[in-house]
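Because only heavy atoms are used, hydrogens play no part in the values below, and waters and symmetry mates are left out as well, while side chains stay in. What you are looking at is a predicted structure, and each value in this text was computed from that prediction instead of being measured.
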Amino acid sequence: MQQRDMQPILIVEDSEDDFEATMRAFKRTNLRNPIRWAASGQEALDVLATMTPKPGLILLDLNMPGLDGRKTLEAIKSNVHWRKIPVVILTTSDDERDIEGCYTLGANTYVQKPVDLDGLFAAIQRLKEYWFEIAILPLED
């Protein structure tokens, strides 16, 4: 098993239904990486502070109560220990201001969540192929 198969994925998503759907999509793609779930932006930052190894990828929802995805992204990318972790924004928003703002804050990819399950499965399959089969992720320092 390669090192990238062992890198955990952190999913930051306040909707348990959306998290479960994403998990089903990952299972369908045979992704072996361990998954951690944070139900809020603050929980994500708390998890990152103690998580070892650090995640190889963070999937981040934008619209969450409390510390939303934008502020969470800003905190991740301004932290010297976390800034190299690729962050994929996975959200329902296709607002140009959100897209522009997230890339300005350092998001690596912005994906609009498909509304149906088949679309979600297809999107997760492509994310898996890109981030875990094509891209080379940075190893932990």
Would you say that [X] contacts [Y] through its side chain, given a criterion of any heavy-atom pair below 4.5 Å between the two side chains?
X: Ile85; Y: Leu57; answer: no
X: Leu48; Y: Ile58; answer: yes
X: Leu62; Y: Cys102; answer: yes
X: Ile89; Y: Leu73; answer: yes
X: Asn108; Y: Lys77; answer: yes
X: Leu45; Y: Trp82; answer: yes
X: Tyr110; Y: Thr91; answer: yes
X: Asp18; Y: Lys113; answer: yes

At what distance, to the nearest 0.5 angstrom, does [atom1] of [X] lie from [atom2] of [Y]?
X: Asn79; Y: Glu74; atom1: CG; atom2: CD; answer: 12.5 Å
X: Phe132; Y: Phe26; atom1: CZ; atom2: CZ; answer: 7.0 Å
X: Ile99; Y: Ser93; atom1: CD1; atom2: OG; answer: 6.5 Å
X: Gln112; Y: Leu90; atom1: CD; atom2: CG; answer: 10.0 Å
X: Thr29; Y: Glu133; atom1: OG1; atom2: CD; answer: 8.5 Å

Minimum-distance pair of heavy atoms, taken over all atoms of [X] and [Y]:
X: Ala44; Y: Thr72; result: CB-CG2, 4.3 Å
X: Asp98; Y: Arg70; result: OD1-NH2, 3.1 Å
X: Pro53; Y: Pro8; result: O-CG, 3.6 Å
X: Phe19; Y: Ile35; result: CE1-CG2, 4.1 Å
X: Pro86; Y: Trp131; result: CB-CZ3, 3.5 Å

Taking side-chain contact (heavy atoms from CB on, under 4.5 Å) as the criterion, tell me which of Leu60, Val47, Leu59 meets it with Val12.
Leu60

Using the side-chain contact (heavy atoms from CB on, under 4.5 Å) definition, which of the options Glu13, Glu43, Glu20 pairs with Trp37?
Glu13

How about CZ on Arg83, more than 12 heavy atoms from neighbouring residues, nucleotides or ligands closer than 6.0 Å, or not?
yes

Applying a strict under-4.5 Å side-chain criterion to I, L, V, M, F, W and Y, I'd like to know whether Ile134 and Ile9 cluster together.
yes

Output yes when a side-chain donor or acceptor of Lys54 lies under 3.5 Å from a complementary backbone atom of Met51, and no otherwise.
yes

Measure from the side-chain N and O atoms of Gln7 to the backbone N and O of Pro55, and report whether any donor-acceptor pair falls under 3.5 Å.
no

Evaluate side chain to side chain contact (heavy atoms under 4.5 Å, CB included) for Val88 paired with Leu127, printing each intermediate quantity in order.
CA-CA 9 Å; Val88 174; Leu127 278 173; 3.9 Å; yes

